[in-house]
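In what follows, a structure is listed as C-alpha coordinates, so that the remarks can point back to it.
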Number of protein chains: 2
Amino acid sequence: MAREPVNETAARSKSQHAYHSLKERIAAEELTPGHRLVLASVANELGMSVVPVREAIRRLEAEGLVTFERNVGARVSMIDDSQYRHSMETLAILEGAATALAARHLTADDVRQARELNRRLIASLEHFDPRLFTSLNHRFHSVLFAACPNPRMLALVESEWVRLGHLRDSTFSFVPGRAQESVREHEILLGLIEAGAPLADIERAARSHRSATLAAYLSHEHPDEAPGEPGVPTAP
Amino acid sequence: MAREPVNETAARSKSQHAYHSLKERIAAEELTPGHRLVLASVANELGMSVVPVREAIRRLEAEGLVTFERNVGARVSMIDDSQYRHSMETLAILEGAATALAARHLTADDVRQARELNRRLIASLEHFDPRLFTSLNHRFHSVLFAACPNPRMLALVESEWVRLGHLRDSTFSFVPGRAQESVREHEILLGLIEAGAPLADIERAARSHRSATLAAYLSHEHPDEAPGEPGVPTAP
DNA sequence: GACGGCCGATTCGTATACGATTTCACCGGC
DNA sequence: GCCGGTGAAATCGTATACGAATCGGCCGTC
(Lines give C-alpha, C1' and ligand atoms only; values in the text may rest on other atoms or scores of the structure.)
Protein backbone atom coordinates (compact mmCIF):
# COMPACT_ATOMS: atom_id res chain seq x y z
CA MET A 1 0.00 0.00 0.00
CA ALA A 2 2.84 2.38 0.80
CA ARG A 3 4.02 3.68 -2.51
CA GLU A 4 6.91 5.65 -1.08
CA PRO A 5 10.19 3.83 -0.95
CA VAL A 6 10.69 2.56 2.54
CA ASN A 7 14.06 3.96 3.40
CA GLU A 8 15.64 2.02 6.16
CA THR A 9 16.49 5.32 7.82
CA ALA A 10 12.77 6.11 7.99
CA ALA A 11 13.52 9.35 6.18
CA ARG A 12 10.03 10.22 5.13
CA SER A 13 9.71 13.91 4.66
CA LYS A 14 7.28 15.71 6.88
CA SER A 15 5.10 16.34 3.89
CA GLN A 16 4.91 12.63 3.21
CA HIS A 17 4.32 11.91 6.85
CA ALA A 18 1.42 14.34 6.94
CA TYR A 19 -0.03 12.80 3.82
CA HIS A 20 0.08 9.26 5.11
CA SER A 21 -1.05 10.23 8.55
CA LEU A 22 -4.11 12.05 7.27
CA LYS A 23 -4.90 9.33 4.79
CA GLU A 24 -4.76 6.66 7.47
CA ARG A 25 -6.91 8.64 9.81
CA ILE A 26 -9.47 9.14 7.10
CA ALA A 27 -9.42 5.46 6.21
CA ALA A 28 -9.78 4.57 9.88
CA GLU A 29 -12.78 6.86 10.07
CA GLU A 30 -11.08 8.78 12.82
CA LEU A 31 -11.66 11.72 10.51
CA THR A 32 -15.17 11.38 9.25
CA PRO A 33 -16.56 12.96 6.10
CA GLY A 34 -17.25 16.63 6.65
CA HIS A 35 -14.62 16.96 9.34
CA ARG A 36 -12.80 20.21 8.97
CA LEU A 37 -9.03 20.12 8.56
CA VAL A 38 -7.50 23.31 9.90
CA LEU A 39 -3.99 23.68 8.64
CA ALA A 40 -2.52 25.11 11.80
CA SER A 41 -4.14 22.54 14.04
CA VAL A 42 -3.05 19.61 11.93
CA ALA A 43 0.44 21.06 11.77
CA ASN A 44 0.54 21.34 15.54
CA GLU A 45 -0.68 17.82 16.11
CA LEU A 46 1.94 16.48 13.77
CA GLY A 47 4.66 18.73 15.13
CA MET A 48 5.43 20.56 11.95
CA SER A 49 4.67 23.83 10.26
CA VAL A 50 1.77 24.38 7.93
CA VAL A 51 3.74 24.16 4.72
CA PRO A 52 4.10 20.37 4.60
CA VAL A 53 0.50 20.01 5.69
CA ARG A 54 -0.65 22.15 2.81
CA GLU A 55 1.22 19.98 0.36
CA ALA A 56 -0.22 16.82 1.86
CA ILE A 57 -3.69 18.26 1.58
CA ARG A 58 -3.10 19.15 -2.05
CA ARG A 59 -2.32 15.54 -2.80
CA LEU A 60 -5.34 14.33 -0.89
CA GLU A 61 -7.40 16.89 -2.71
CA ALA A 62 -6.22 15.66 -6.08
CA GLU A 63 -7.16 12.15 -4.99
CA GLY A 64 -10.59 13.33 -4.02
CA LEU A 65 -10.25 12.41 -0.36
CA VAL A 66 -10.60 15.97 0.84
CA THR A 67 -12.27 18.95 -0.71
CA PHE A 68 -10.67 22.32 -0.52
CA GLU A 69 -12.23 25.70 -0.80
CA ARG A 70 -10.12 28.70 -1.36
CA ASN A 71 -9.74 30.97 1.65
CA VAL A 72 -12.02 28.68 3.57
CA GLY A 73 -10.13 25.48 4.09
CA ALA A 74 -10.19 21.76 3.68
CA ARG A 75 -12.57 19.15 4.90
CA VAL A 76 -12.83 15.43 4.50
CA SER A 77 -14.86 14.75 1.40
CA MET A 78 -18.42 13.79 1.86
CA ILE A 79 -19.64 11.24 -0.58
CA ASP A 80 -23.23 12.02 -1.18
CA ASP A 81 -25.64 9.55 -2.60
CA SER A 82 -25.08 10.58 -6.14
CA GLN A 83 -21.33 10.35 -5.86
CA TYR A 84 -21.64 6.98 -4.21
CA ARG A 85 -23.67 5.75 -7.11
CA HIS A 86 -21.25 7.11 -9.66
CA SER A 87 -18.25 5.67 -7.88
CA MET A 88 -19.84 2.27 -7.53
CA GLU A 89 -20.75 2.25 -11.18
CA THR A 90 -17.20 3.18 -12.09
CA LEU A 91 -15.83 0.57 -9.75
CA ALA A 92 -18.08 -2.04 -11.29
CA ILE A 93 -16.54 -1.35 -14.66
CA LEU A 94 -12.96 -1.06 -13.51
CA GLU A 95 -13.02 -3.97 -11.13
CA GLY A 96 -14.84 -6.15 -13.61
CA ALA A 97 -12.20 -5.47 -16.22
CA ALA A 98 -9.35 -5.88 -13.74
CA THR A 99 -10.75 -9.17 -12.51
CA ALA A 100 -11.03 -10.46 -16.04
CA LEU A 101 -7.53 -9.35 -16.90
CA ALA A 102 -6.25 -11.02 -13.76
CA ALA A 103 -8.13 -14.27 -14.22
CA ARG A 104 -5.53 -15.99 -16.35
CA HIS A 105 -2.76 -15.02 -13.96
CA LEU A 106 -4.27 -16.44 -10.81
CA THR A 107 -2.36 -19.26 -9.20
CA ALA A 108 -4.08 -22.24 -7.64
CA ASP A 109 -3.05 -20.76 -4.35
CA ASP A 110 -4.77 -17.48 -5.13
CA VAL A 111 -8.00 -19.28 -5.84
CA ARG A 112 -7.62 -21.33 -2.69
CA GLN A 113 -7.09 -18.14 -0.72
CA ALA A 114 -10.16 -16.54 -2.28
CA ARG A 115 -12.22 -19.60 -1.42
CA GLU A 116 -11.00 -19.45 2.14
CA LEU A 117 -11.96 -15.79 2.37
CA ASN A 118 -15.38 -16.53 0.98
CA ARG A 119 -15.73 -19.33 3.54
CA ARG A 120 -15.04 -16.81 6.24
CA LEU A 121 -17.55 -14.45 4.66
CA ILE A 122 -20.15 -17.18 4.80
CA ALA A 123 -19.24 -17.99 8.38
CA SER A 124 -19.55 -14.33 9.32
CA LEU A 125 -23.16 -14.34 8.19
CA GLU A 126 -24.03 -16.12 11.44
CA HIS A 127 -23.25 -13.15 13.59
CA PHE A 128 -23.42 -10.48 10.97
CA ASP A 129 -20.97 -7.62 11.37
CA PRO A 130 -21.06 -5.20 8.45
CA ARG A 131 -17.57 -3.96 9.21
CA LEU A 132 -16.03 -7.41 9.23
CA PHE A 133 -18.01 -8.44 6.19
CA THR A 134 -16.85 -5.42 4.24
CA SER A 135 -13.25 -5.95 5.19
CA LEU A 136 -13.29 -9.61 4.16
CA ASN A 137 -15.18 -8.69 1.03
CA HIS A 138 -12.49 -6.23 0.06
CA ARG A 139 -9.79 -8.81 0.67
CA PHE A 140 -11.68 -11.37 -1.39
CA HIS A 141 -11.90 -9.10 -4.38
CA SER A 142 -8.37 -7.87 -3.92
CA VAL A 143 -7.08 -11.39 -4.30
CA LEU A 144 -9.01 -11.74 -7.52
CA PHE A 145 -7.90 -8.54 -9.21
CA ALA A 146 -4.45 -8.15 -7.71
CA ALA A 147 -2.96 -10.37 -10.38
CA CYS A 148 -4.11 -7.93 -13.06
CA PRO A 149 -1.00 -7.21 -15.10
CA ASN A 150 -2.04 -3.63 -15.71
CA PRO A 151 -0.76 -1.52 -12.82
CA ARG A 152 -2.62 1.55 -14.02
CA MET A 153 -5.90 -0.24 -13.76
CA LEU A 154 -4.98 -1.61 -10.35
CA ALA A 155 -4.22 1.89 -9.13
CA LEU A 156 -7.58 3.15 -10.32
CA VAL A 157 -9.45 0.27 -8.75
CA GLU A 158 -7.70 0.76 -5.43
CA SER A 159 -8.28 4.49 -5.56
CA GLU A 160 -11.95 3.89 -6.15
CA TRP A 161 -12.15 1.60 -3.16
CA VAL A 162 -10.55 4.24 -1.00
CA ARG A 163 -12.88 6.85 -2.38
CA LEU A 164 -15.91 4.87 -1.43
CA GLY A 165 -14.28 4.59 1.94
CA HIS A 166 -16.33 3.47 4.80
CA LEU A 167 -19.52 4.31 2.99
CA ARG A 168 -19.26 1.00 1.25
CA ASP A 169 -20.10 -0.97 4.38
CA SER A 170 -23.37 0.77 4.68
CA THR A 171 -24.75 -1.22 1.82
CA PHE A 172 -24.43 -4.43 3.76
CA SER A 173 -25.73 -2.92 6.96
CA PHE A 174 -28.74 -1.48 5.22
CA VAL A 175 -29.58 -4.38 2.99
CA PRO A 176 -28.67 -7.50 4.92
CA GLY A 177 -30.12 -9.81 2.34
CA ARG A 178 -27.52 -8.63 -0.11
CA ALA A 179 -24.74 -10.29 1.86
CA GLN A 180 -26.07 -13.82 1.32
CA GLU A 181 -26.57 -13.19 -2.34
CA SER A 182 -23.13 -11.71 -2.53
CA VAL A 183 -21.28 -14.74 -1.25
CA ARG A 184 -23.18 -16.95 -3.67
CA GLU A 185 -22.07 -14.75 -6.53
CA HIS A 186 -18.53 -15.02 -5.23
CA GLU A 187 -18.70 -18.79 -5.63
CA ILE A 188 -20.03 -18.47 -9.14
CA LEU A 189 -17.26 -16.06 -10.01
CA LEU A 190 -14.65 -18.43 -8.62
CA GLY A 191 -16.20 -21.24 -10.60
CA LEU A 192 -15.92 -19.30 -13.83
CA ILE A 193 -12.31 -18.44 -13.15
CA GLU A 194 -11.33 -21.99 -12.28
CA ALA A 195 -13.13 -23.34 -15.32
CA GLY A 196 -11.19 -20.99 -17.54
CA ALA A 197 -14.38 -19.38 -18.77
CA PRO A 198 -14.14 -16.72 -21.49
CA LEU A 199 -12.81 -13.48 -20.10
CA ALA A 200 -15.95 -11.73 -21.27
CA ASP A 201 -18.03 -13.97 -19.03
CA ILE A 202 -15.78 -13.37 -16.06
CA GLU A 203 -15.84 -9.64 -16.63
CA ARG A 204 -19.60 -9.65 -16.92
CA ALA A 205 -19.99 -11.68 -13.75
CA ALA A 206 -17.67 -9.44 -11.75
CA ARG A 207 -19.31 -6.30 -13.04
CA SER A 208 -22.82 -7.54 -12.39
CA HIS A 209 -21.82 -8.59 -8.93
CA ARG A 210 -20.89 -5.08 -7.98
CA SER A 211 -23.77 -3.52 -9.88
CA ALA A 212 -26.12 -5.72 -7.92
CA THR A 213 -24.72 -4.39 -4.69
CA LEU A 214 -25.26 -0.88 -5.96
CA ALA A 215 -28.78 -1.74 -7.04
CA ALA A 216 -29.51 -3.19 -3.63
CA TYR A 217 -28.32 -0.01 -2.03
CA LEU A 218 -30.33 2.19 -4.35
CA SER A 219 -33.52 0.22 -4.06
CA HIS A 220 -33.26 0.49 -0.31
CA GLU A 221 -32.34 4.16 -0.22
CA HIS A 222 -34.54 5.31 -3.05
CA PRO A 223 -37.31 2.77 -3.33
CA ASP A 224 -39.33 5.15 -5.48
CA GLU A 225 -36.74 5.58 -8.13
CA ALA A 226 -37.63 3.93 -11.39
CA PRO A 227 -35.29 1.05 -12.14
CA GLY A 228 -34.50 2.63 -15.50
CA GLU A 229 -31.34 1.60 -17.27
CA PRO A 230 -29.27 -0.83 -15.29
CA GLY A 231 -26.22 1.14 -16.32
CA VAL A 232 -24.35 -2.02 -17.05
CA PRO A 233 -24.61 -3.01 -20.66
CA THR A 234 -24.41 -6.72 -20.13
CA ALA A 235 -25.70 -8.75 -22.99
CA PRO A 236 -29.31 -9.85 -22.57
CA MET B 1 -12.46 21.97 -18.80
CA ALA B 2 -11.68 24.46 -16.06
CA ARG B 3 -13.01 22.94 -12.89
CA GLU B 4 -12.32 26.02 -10.76
CA PRO B 5 -15.18 28.42 -10.44
CA VAL B 6 -14.66 31.25 -12.88
CA ASN B 7 -14.78 34.26 -10.63
CA GLU B 8 -15.53 37.35 -12.58
CA THR B 9 -12.69 39.05 -10.77
CA ALA B 10 -10.32 36.39 -12.09
CA ALA B 11 -9.26 35.73 -8.53
CA ARG B 12 -7.44 32.50 -9.08
CA SER B 13 -4.90 31.95 -6.40
CA LYS B 14 -1.29 31.81 -7.45
CA SER B 15 -1.23 28.17 -6.60
CA GLN B 16 -4.09 27.53 -8.98
CA HIS B 17 -2.48 29.67 -11.60
CA ALA B 18 0.74 27.73 -11.37
CA TYR B 19 -1.18 24.48 -11.62
CA HIS B 20 -3.11 25.46 -14.71
CA SER B 21 -0.16 27.09 -16.32
CA LEU B 22 2.05 24.06 -15.91
CA LYS B 23 -0.70 21.72 -17.00
CA GLU B 24 -1.32 23.71 -20.15
CA ARG B 25 2.33 23.88 -20.99
CA ILE B 26 2.62 20.16 -20.56
CA ALA B 27 -0.44 19.56 -22.71
CA ALA B 28 0.94 21.92 -25.34
CA GLU B 29 4.17 19.94 -25.32
CA GLU B 30 6.04 23.07 -24.46
CA LEU B 31 7.25 21.03 -21.51
CA THR B 32 8.14 17.66 -22.89
CA PRO B 33 8.40 14.45 -20.87
CA GLY B 34 11.59 14.34 -18.90
CA HIS B 35 11.83 18.12 -18.70
CA ARG B 36 13.02 19.15 -15.32
CA LEU B 37 10.86 21.50 -13.30
CA VAL B 38 13.03 23.54 -10.96
CA LEU B 39 10.90 25.14 -8.30
CA ALA B 40 12.75 28.44 -8.15
CA SER B 41 12.85 28.85 -11.91
CA VAL B 42 9.18 28.12 -12.38
CA ALA B 43 8.38 30.48 -9.54
CA ASN B 44 10.39 33.22 -11.18
CA GLU B 45 8.80 32.74 -14.57
CA LEU B 46 5.36 32.92 -13.03
CA GLY B 47 6.27 35.83 -10.79
CA MET B 48 5.59 34.14 -7.50
CA SER B 49 7.44 32.41 -4.72
CA VAL B 50 8.13 28.72 -4.60
CA VAL B 51 5.39 27.83 -2.16
CA PRO B 52 2.47 27.98 -4.59
CA VAL B 53 4.56 26.20 -7.18
CA ARG B 54 5.22 23.36 -4.80
CA GLU B 55 1.53 22.95 -4.19
CA ALA B 56 0.77 22.98 -7.89
CA ILE B 57 3.38 20.33 -8.46
CA ARG B 58 1.91 18.19 -5.71
CA ARG B 59 -1.38 18.21 -7.50
CA LEU B 60 0.22 17.40 -10.83
CA GLU B 61 2.18 14.67 -9.11
CA ALA B 62 -0.99 13.13 -7.73
CA GLU B 63 -2.44 13.21 -11.22
CA GLY B 64 0.61 11.48 -12.59
CA LEU B 65 1.61 14.30 -14.89
CA VAL B 66 4.89 14.92 -13.13
CA THR B 67 7.08 12.67 -11.08
CA PHE B 68 8.72 13.95 -8.00
CA GLU B 69 11.77 12.66 -6.24
CA ARG B 70 12.57 13.81 -2.79
CA ASN B 71 15.48 16.21 -2.53
CA VAL B 72 15.93 15.94 -6.24
CA GLY B 73 12.98 17.62 -7.82
CA ALA B 74 10.18 17.25 -10.26
CA ARG B 75 10.15 16.41 -13.90
CA VAL B 76 7.45 15.93 -16.47
CA SER B 77 6.45 12.30 -16.43
CA MET B 78 7.78 10.14 -19.15
CA ILE B 79 5.37 7.58 -20.40
CA ASP B 80 7.39 4.61 -21.42
CA ASP B 81 6.14 1.96 -23.73
CA SER B 82 4.76 -0.19 -20.99
CA GLN B 83 2.88 2.66 -19.36
CA TYR B 84 1.53 3.67 -22.73
CA ARG B 85 0.18 0.21 -23.23
CA HIS B 86 -1.36 0.09 -19.79
CA SER B 87 -2.95 3.50 -20.14
CA MET B 88 -4.38 2.69 -23.54
CA GLU B 89 -5.81 -0.53 -22.24
CA THR B 90 -7.37 1.31 -19.33
CA LEU B 91 -8.69 4.00 -21.62
CA ALA B 92 -10.22 1.36 -23.86
CA ILE B 93 -12.21 0.05 -20.94
CA LEU B 94 -13.18 3.39 -19.47
CA GLU B 95 -13.97 5.09 -22.73
CA GLY B 96 -15.89 2.09 -23.98
CA ALA B 97 -18.04 2.12 -20.88
CA ALA B 98 -18.47 5.89 -20.92
CA THR B 99 -19.46 5.84 -24.58
CA ALA B 100 -22.05 3.17 -23.91
CA LEU B 101 -23.42 5.01 -20.90
CA ALA B 102 -23.63 8.18 -22.97
CA ALA B 103 -25.23 6.58 -26.00
CA ARG B 104 -28.80 6.96 -24.85
CA HIS B 105 -28.27 10.58 -23.94
CA LEU B 106 -26.91 11.78 -27.24
CA THR B 107 -29.03 14.32 -29.06
CA ALA B 108 -29.48 14.27 -32.78
CA ASP B 109 -27.25 17.30 -32.82
CA ASP B 110 -24.50 15.46 -31.00
CA VAL B 111 -24.55 12.72 -33.58
CA ARG B 112 -24.56 15.26 -36.38
CA GLN B 113 -21.57 16.96 -34.82
CA ALA B 114 -19.73 13.66 -34.48
CA ARG B 115 -20.45 12.87 -38.12
CA GLU B 116 -19.12 16.24 -39.12
CA LEU B 117 -15.94 15.64 -37.15
CA ASN B 118 -15.50 12.26 -38.75
CA ARG B 119 -15.99 13.88 -42.14
CA ARG B 120 -13.18 16.24 -41.33
CA LEU B 121 -11.09 13.29 -40.17
CA ILE B 122 -11.67 11.62 -43.51
CA ALA B 123 -10.85 14.81 -45.35
CA SER B 124 -7.65 15.19 -43.39
CA LEU B 125 -6.45 11.85 -44.68
CA GLU B 126 -5.62 13.55 -47.97
CA HIS B 127 -2.80 15.57 -46.51
CA PHE B 128 -2.17 13.54 -43.42
CA ASP B 129 -1.15 15.47 -40.36
CA PRO B 130 -0.90 13.29 -37.27
CA ARG B 131 -1.34 16.25 -34.98
CA LEU B 132 -4.52 17.45 -36.62
CA PHE B 133 -5.83 13.93 -36.90
CA THR B 134 -5.27 13.28 -33.22
CA SER B 135 -6.92 16.51 -32.23
CA LEU B 136 -10.01 15.85 -34.33
CA ASN B 137 -10.05 12.28 -33.12
CA HIS B 138 -10.12 13.42 -29.53
CA ARG B 139 -12.95 15.83 -30.27
CA PHE B 140 -14.88 13.09 -32.03
CA HIS B 141 -14.70 10.77 -29.10
CA SER B 142 -15.32 13.56 -26.63
CA VAL B 143 -18.64 14.28 -28.28
CA LEU B 144 -19.58 10.65 -27.94
CA PHE B 145 -18.72 10.16 -24.28
CA ALA B 146 -19.38 13.66 -22.96
CA ALA B 147 -23.05 12.86 -22.48
CA CYS B 148 -22.15 10.11 -20.03
CA PRO B 149 -24.18 10.86 -16.94
CA ASN B 150 -21.48 9.60 -14.62
CA PRO B 151 -19.13 12.51 -13.88
CA ARG B 152 -16.67 10.29 -12.07
CA MET B 153 -16.21 8.18 -15.15
CA LEU B 154 -15.88 11.27 -17.31
CA ALA B 155 -13.16 12.61 -15.05
CA LEU B 156 -11.22 9.36 -15.28
CA VAL B 157 -11.54 9.22 -19.05
CA GLU B 158 -10.36 12.78 -19.44
CA SER B 159 -7.51 12.21 -17.05
CA GLU B 160 -6.43 9.21 -19.04
CA TRP B 161 -6.43 11.23 -22.23
CA VAL B 162 -4.24 13.84 -20.59
CA ARG B 163 -1.97 11.16 -19.26
CA LEU B 164 -1.41 9.73 -22.66
CA GLY B 165 -0.70 13.27 -23.70
CA HIS B 166 1.04 13.85 -26.91
CA LEU B 167 2.22 10.28 -27.06
CA ARG B 168 -1.14 9.33 -28.42
CA ASP B 169 -0.51 11.02 -31.75
CA SER B 170 2.49 8.91 -32.35
CA THR B 171 0.31 5.93 -33.09
CA PHE B 172 -1.10 7.62 -36.12
CA SER B 173 2.24 8.93 -37.28
CA PHE B 174 3.85 5.54 -36.93
CA VAL B 175 1.08 3.43 -38.34
CA PRO B 176 -0.56 5.51 -41.03
CA GLY B 177 -2.79 2.68 -42.15
CA ARG B 178 -4.51 2.76 -38.80
CA ALA B 179 -6.05 6.15 -39.52
CA GLN B 180 -8.14 4.90 -42.44
CA GLU B 181 -9.34 1.94 -40.46
CA SER B 182 -10.08 4.21 -37.56
CA VAL B 183 -12.48 6.49 -39.39
CA ARG B 184 -14.34 3.48 -40.74
CA GLU B 185 -14.79 2.19 -37.22
CA HIS B 186 -16.06 5.61 -36.25
CA GLU B 187 -18.84 5.29 -38.79
CA ILE B 188 -19.74 1.86 -37.54
CA LEU B 189 -19.86 3.15 -33.99
CA LEU B 190 -22.09 6.03 -35.00
CA GLY B 191 -24.34 3.60 -36.81
CA LEU B 192 -24.75 1.46 -33.73
CA ILE B 193 -25.56 4.47 -31.60
CA GLU B 194 -28.10 5.85 -34.04
CA ALA B 195 -29.73 2.46 -34.44
CA GLY B 196 -30.16 2.23 -30.69
CA ALA B 197 -28.10 -0.94 -30.59
CA PRO B 198 -27.72 -2.75 -27.26
CA LEU B 199 -25.37 -0.89 -24.98
CA ALA B 200 -23.19 -3.98 -24.75
CA ASP B 201 -22.60 -3.82 -28.50
CA ILE B 202 -21.76 -0.15 -28.36
CA GLU B 203 -19.39 -0.67 -25.49
CA ARG B 204 -17.71 -3.53 -27.27
CA ALA B 205 -17.33 -1.52 -30.46
CA ALA B 206 -15.86 1.49 -28.66
CA ARG B 207 -13.50 -0.65 -26.65
CA SER B 208 -12.33 -2.65 -29.62
CA HIS B 209 -11.80 0.53 -31.56
CA ARG B 210 -9.28 1.77 -29.06
CA SER B 211 -7.74 -1.63 -28.50
CA ALA B 212 -7.15 -1.86 -32.22
CA THR B 213 -5.25 1.41 -32.12
CA LEU B 214 -3.15 0.04 -29.31
CA ALA B 215 -2.58 -3.19 -31.18
CA ALA B 216 -1.50 -1.25 -34.26
CA TYR B 217 0.98 0.66 -32.17
CA LEU B 218 2.33 -2.45 -30.50
CA SER B 219 2.66 -4.45 -33.66
CA HIS B 220 4.63 -1.60 -35.15
CA GLU B 221 6.81 -0.97 -32.13
CA HIS B 222 7.27 -4.56 -31.08
CA PRO B 223 6.69 -6.63 -34.18
CA ASP B 224 8.29 -9.64 -32.49
CA GLU B 225 5.96 -9.72 -29.55
CA ALA B 226 3.54 -12.59 -29.59
CA PRO B 227 -0.03 -11.40 -30.11
CA GLY B 228 -1.06 -13.27 -26.95
CA GLU B 229 -4.29 -12.34 -25.27
CA PRO B 230 -6.04 -9.45 -26.87
CA GLY B 231 -6.64 -8.06 -23.41
CA VAL B 232 -10.18 -7.17 -24.31
CA PRO B 233 -12.57 -9.91 -23.40
CA THR B 234 -15.03 -9.29 -26.16
CA ALA B 235 -17.42 -12.10 -26.77
CA PRO B 236 -16.45 -14.31 -29.70
C1' DG C 1 -38.05 43.33 17.36
C1' DA C 2 -35.80 42.77 12.84
C1' DC C 3 -32.36 44.04 9.69
C1' DG C 4 -27.95 45.59 7.99
C1' DG C 5 -23.42 47.11 8.58
C1' DC C 6 -19.11 47.01 11.30
C1' DC C 7 -15.37 44.84 13.70
C1' DG C 8 -12.53 41.36 15.61
C1' DA C 9 -11.07 36.53 15.64
C1' DT C 10 -9.84 32.86 12.86
C1' DT C 11 -7.74 30.92 9.12
C1' DC C 12 -5.91 30.94 4.69
C1' DG C 13 -2.18 32.56 0.96
C1' DT C 14 2.28 33.71 -0.03
C1' DA C 15 6.99 35.68 0.64
C1' DT C 16 11.22 35.25 2.65
C1' DA C 17 14.88 32.91 5.14
C1' DC C 18 17.93 29.32 6.17
C1' DG C 19 19.45 24.62 7.12
C1' DA C 20 19.80 20.07 4.67
C1' DT C 21 20.65 17.22 0.79
C1' DT C 22 22.10 16.11 -3.64
C1' DT C 23 24.96 16.68 -7.60
C1' DC C 24 28.97 17.26 -10.07
C1' DA C 25 33.38 18.82 -11.18
C1' DC C 26 37.86 18.77 -9.58
C1' DC C 27 41.92 16.62 -7.69
C1' DG C 28 45.21 13.63 -5.53
C1' DG C 29 46.58 8.84 -4.95
C1' DC C 30 47.03 4.29 -6.71
C1' DG D 1 44.80 6.40 -16.76
C1' DC D 2 41.31 5.15 -13.45
C1' DC D 3 39.09 5.59 -8.93
C1' DG D 4 37.43 7.53 -4.80
C1' DG D 5 37.25 11.59 -1.90
C1' DT D 6 36.18 16.60 -1.28
C1' DG D 7 34.21 20.90 -1.79
C1' DA D 8 31.16 24.32 -3.80
C1' DA D 9 26.96 25.22 -6.27
C1' DA D 10 22.39 24.13 -7.03
C1' DT D 11 18.23 22.82 -5.27
C1' DC D 12 15.06 21.06 -2.06
C1' DG D 13 12.47 21.05 2.79
C1' DT D 14 10.53 23.53 6.30
C1' DA D 15 9.87 27.38 9.66
C1' DT D 16 8.41 31.80 10.42
C1' DA D 17 6.11 36.11 9.33
C1' DC D 18 2.59 38.96 7.77
C1' DG D 19 -1.06 40.56 4.67
C1' DA D 20 -5.74 39.13 2.97
C1' DA D 21 -10.08 36.90 3.02
C1' DT D 22 -13.87 34.88 5.53
C1' DC D 23 -17.08 34.26 9.19
C1' DG D 24 -19.76 35.26 13.19
C1' DG D 25 -21.31 38.22 16.69
C1' DC D 26 -22.32 42.94 18.31
C1' DC D 27 -24.39 47.22 17.88
C1' DG D 28 -27.04 50.89 16.01
C1' DT D 29 -30.88 52.13 13.30
C1' DC D 30 -35.44 51.80 11.55
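The figures here come from the full heavy-atom set of this structure, side chains too, leaving out hydrogens, waters and symmetry mates. Just so you know, these numbers come straight off a predicted model, no measurement behind them.
If you take CZ of B:Arg12 and C1' of D:dA20, they are 19 Å apart, rounded to a whole angstrom. Nucleotide D:dT11 holds its P atom 12 Å from the CG atom of B:Leu37, rounded to whole Å. Between A:Gln16 atom CD and D:dT14 atom P there is a gap of 8 Å when expressed in whole angstrom units. In this structure, the CZ atom of A:Arg59 is 12 Å from the P atom of D:dG13, given to the nearest Å. Across the protein-nucleic acid pair, B:Met48 atom CE and C:dG13 atom C1' stand 12 Å apart, rounded to whole Å. In this structure, A:His17 places its NE2 atom 17 Å from P of D:dG13, rounding to the nearest Å. One atom, CD of A:Glu69, and another, C1' of C:dT11, lie 13 Å apart when rounded to the nearest Å. The distance between atom CZ of B:Arg54 and atom P of C:dA15, rounded to the nearest whole Å, is 14 Å.
Among the nucleotides C:dG13, C:dT14, D:dT14, the one closest to any side-chain atom of A:Asn71 is C:dG13. Which of C:dT14, D:dT14, C:dC12 sits closest to the side chain of B:Lys14 comes down to C:dT14. Among the nucleotides D:dA15, C:dC12, C:dT14, the one closest to any side-chain atom of A:Val38 is C:dC12.
When A:Gln16, A:Lys23, A:His17 are each tested for a side-chain hydrogen bond (donor to acceptor under 3.5 Å, both in side chains) with A:Tyr19, only one passes: A:Lys23.
Between B:Val51 and B:Leu39, the residue anchored nearer the 5' end of DNA chain D, judged by the nucleotide with its closest heavy atom, is B:Leu39.
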Where do B:Tyr217 and B:Asp81 land on the side-chain contact (heavy atoms from CB on, under 4.5 Å) test, with the steps shown first? CA-CA 10 Å; B:Tyr217 170 78; B:Asp81 249 31; 2.7 Å; yes
CA sep, side-chain torsions, deciding dist, call: A:Arg163, A:Ser87, side chain to side chain donor-acceptor pair (under 3.5 Å): CA-CA 8 Å; A:Arg163 227 177 111 74; A:Ser87 263; 3.1 Å; yes
Evaluate the criterion side-chain contact (heavy atoms from CB on, under 4.5 Å) for residue pair A:Leu101 and B:Glu89; output intermediate values, then yes/no. CA-CA 10 Å; A:Leu101 287 173; B:Glu89 194 175 65; 3.7 Å; yes
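If you check every strand for non-hydrogen atoms under 4.0 Å, B:Ile57 touches nothing. Nucleic acid contact class of B:Val72 (heavy atoms, under 4.0 Å, all strands): sugar-phosphate only.
Looking only at atom types and distance, the side chain of A:Thr107 has a donor-acceptor partner in the side chain of A:Asp110 under 3.5 Å away.
Residue B:Arg70 has no polar side-chain atom (N or O) positioned under 4.0 Å from OP1 or OP2 of D:dG13.
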